[in-house]
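Heads up, the thing below is written out as structure tokens.
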Amino acid sequence: MEIWKWVFVGVLWYAGFVLSTGAVELGRSQHTERISGSAGDVLEDDPVGRLKVFVYELPRKYNKKILQKDPRCLTHMFAAEIFMHRFLLSSPVRTLNPDEADWFYTPVYTTCDLTTNGLPLPFKSPRMMRSAIQLISSNWPYWNRTEGADHFFVVPHDFGACFHYQRRLLKEEFFPCSNVCLKDGSITVPPYAPPQKMQTHLIPEKTPRSIFVYFRGLFYDVGNDPEGGYYARGARAAVWENFKDNPLFDISTEHPATYYEDMQRAVFCLCPLGWAPWSPRLVEAVIFGCIPVIIADDIVLPFADAIPWEEIGVYVDEEDVPNLDTILTSIPPEVILRKQRLLANPSMKQAMLFPQPAQPGDAFHQVLNGLARKLPHDRSVYLRPGEKILNWTAGPVGDLKPW
């Protein structure tokens, strides 16, 4: 049996676990195209009746107390861990009888530890998760049957399973998510982007897309990497150096008040990696019908079995950034139009959002659909009587401190 087989539901950049009546409106009434084949069917699945989830009731220090200390966690890109917890508490898939549960959810807010600038410092997360596992394995029998193979955490950060020492990287680097931290069985979800805020910035549907390529953000992290060779593995620096004077590229470090409106006027929106591959830009691009240009080698995108990323976006290898202008101008108009029709599909927009309250087909439901598709559990995940896999005394000293 593979060690640490629990499921991580996490944000791995555009890939880390939902719109009200405004969800469909975000589609901007234009010609749409249904996603064909199995992907479209998966996108429109209904998880209700297909699985039951038991939610552990943990002490408040693991979740609600952390949020109470810093309410900013409700609005940053990792807020999915909070909203998924709230959603499951009232979801029709929730069961109060753990003996009939298909999955067990452990609500730990792993990224709600923010600096004064609002950035997460998830270094306590290994201790939190380890402590929560020790707690549930000591007070309930269910973890010990499988050592977590039928349990899941919401881990909305690139580090994912690497929050625990047995999934740590062997060297310190910013990695693509095809690394040891993302195991088979993980469900990759989108970053949190505020649905209501985006709704208030919609512009008239017939507004022409007069911007060819759009990007707002850092090109250099001056404080940590002034030369730009490490930040974004040099990809953002290459965008700036090659296209800062190109009239086809509307790129800047400024973040204007018209940011959302500008995305709706653009044909292509750059979605490059930064220090890590995640970013809410992909969600924003999909919502506003701007073709995402994904610059992050080997990335794993959210809900990839339901959203046809290759059909709606453009992948550009990091080493090919100097050729961005040639790559994008060579895309035939009919291909661009088809991508825009697919992006206009309301179901796809809904799947990228965590609305309050939850709506059918949203990101909450896509997570549940992913869990349902993993059923039934293979009998091999259950341990034999007396069998043990995990060594709770192993790991870095820092991770062994009480939480």
Side-chain angles (χ1 to χ4, degrees), residues 7 9-12 14-15 17-53 80 83-84 86-88 90-94 102-103 105 152 154 185-193 195-196 198-199 202 205 282-292 300-313 337-376:
V7 170
V9 182
V11 171
L12 280 300
Y14 333 93
F17 287 358
V18 276
L19 232 34
S20 56
T21 55
V24 174
E25 295 174 22
L26 284 175
R28 294 177 67 189
S29 301
Q30 61 189 77
H31 293 298
T32 66
E33 183 169 330
R34 185 184 184 277
I35 300 168
S36 61
S38 60
D41 296 335
V42 168
L43 192 64
E44 296 168 11
D45 271 354
D46 182 358
V48 177
R50 299 165 54 217
L51 79 164
K52 294 182 182 296
V53 176
F83 293 125
M84 191 72 193
R86 294 180 176 181
F87 165 73
L88 282 172
S90 58
S91 170
V93 307
R94 183 189 182 190
D102 301 302
W103 289 100
Y105 167 55
F152 70 94
V154 179
S186 296
I187 299 172
T188 308
V189 306
Y192 175 77
Q196 292 80 4
M198 289 189 286
Q199 179 71 39
L202 291 178
E205 61 186 50
L282 187 79
V283 175
E284 296 163 345
V286 170
I287 295 305
F288 293 129
C290 186
I291 298 171
V300 176
L301 296 175
F303 309 138
D305 58 348
I307 296 179
W309 292 108
E310 292 189 359
E311 296 183 51
I312 66 173
L337 289 173
R338 182 170 188 271
K339 290 180 185 294
Q340 291 175 331
R341 290 196 302 270
L342 287 168
L343 283 167
N345 187 316
S347 296
M348 187 166 349
K349 300 177 188 295
Q350 189 86 317
M352 296 294 287
L353 292 168
F354 297 88
Q356 314 298 313
Q359 297 292 312
D362 62 17
F364 295 124
H365 291 86
Q366 300 306 325
V367 171
L368 298 183
N369 283 336
L371 292 171
R373 287 193 289 273
K374 297 178 184 299
L375 298 175

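Note that these values count all heavy atoms, side chains included, but never hydrogens, waters or copies made by symmetry. Just so you know, these numbers come straight off a predicted model, no measurement behind them.
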Distance-minimising heavy-atom pair for [X] and [Y]:
| X | Y | value |
| --- | --- | --- |
| Arg50 | Asn369 | NH1-OD1, 3.1 Å |
| Ile291 | Ile312 | CG2-O, 3.5 Å |
| Ala351 | Ile307 | CB-CD1, 4.3 Å |
| Ala358 | His365 | CB-CE1, 4.3 Å |
| Leu282 | Leu301 | CD2-CD2, 4.3 Å |
| Met84 | Val154 | CG-CG2, 3.9 Å |

> Relative to the ring of Phe87, is the ring of Phe364 parallel (under 30°), tilted (30 to 60°) or perpendicular (over 60°)?
Replying inline: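 Because their plane-to-plane angle is under 30°, the rings of Phe364 and Phe87 count as parallel.
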>> Run the side-chain contact (heavy atoms from CB on, under 4.5 Å) test on Phe303 and Thr188 for me, step by step, so that the C-alpha distance in whole Å, both residues' side-chain angles and the decisive distance to 0.1 Å come before the verdict.
In response: CA-CA 6 Å; Phe303 309 138; Thr188 308; over 6 Å; no
> Can Leu375 and Trp103 be said to form a side-chain contact (heavy atoms from CB on, under 4.5 Å), step by step?
Replying inline: CA-CA 9 Å; Leu375 298 175; Trp103 289 100; 3.6 Å; yes
Backbone N or O of [Y] within a donor-acceptor pair of the [X] side chain at under 3.5 Å?
| X | Y | value |
| --- | --- | --- |
| Lys52 | Asp102 | no |
| Lys349 | Val286 | yes |
| Glu311 | Lys339 | no |

Answer whether the closest heavy-atom distance between the side chains of [X] and [Y] falls below 4.5 Å.
| X | Y | result |
| --- | --- | --- |
| Phe288 | Leu343 | no |
| Glu284 | Ile287 | no |
| Asp46 | Pro360 | no |
| Asp45 | Gln366 | no |

> Would Val300 and Ser186 satisfy side-chain contact (heavy atoms from CB on, under 4.5 Å), going step by step from the backbone distance to the final call?
Replying inline: CA-CA 11 Å; Val300 176; Ser186 296; over 6 Å; no
> Could you give the distance from CD (Gln196) to CE (Met198), rounded to the nearest 0.5 Å?
Replying inline: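 The distance works out to 8.5 Å.
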> Can you check side-chain contact (heavy atoms from CB on, under 4.5 Å) on Arg94 and Leu88, steps first, answer last?
Replying inline: CA-CA 6 Å; Arg94 183 189 182 190; Leu88 282 172; 5.8 Å; no
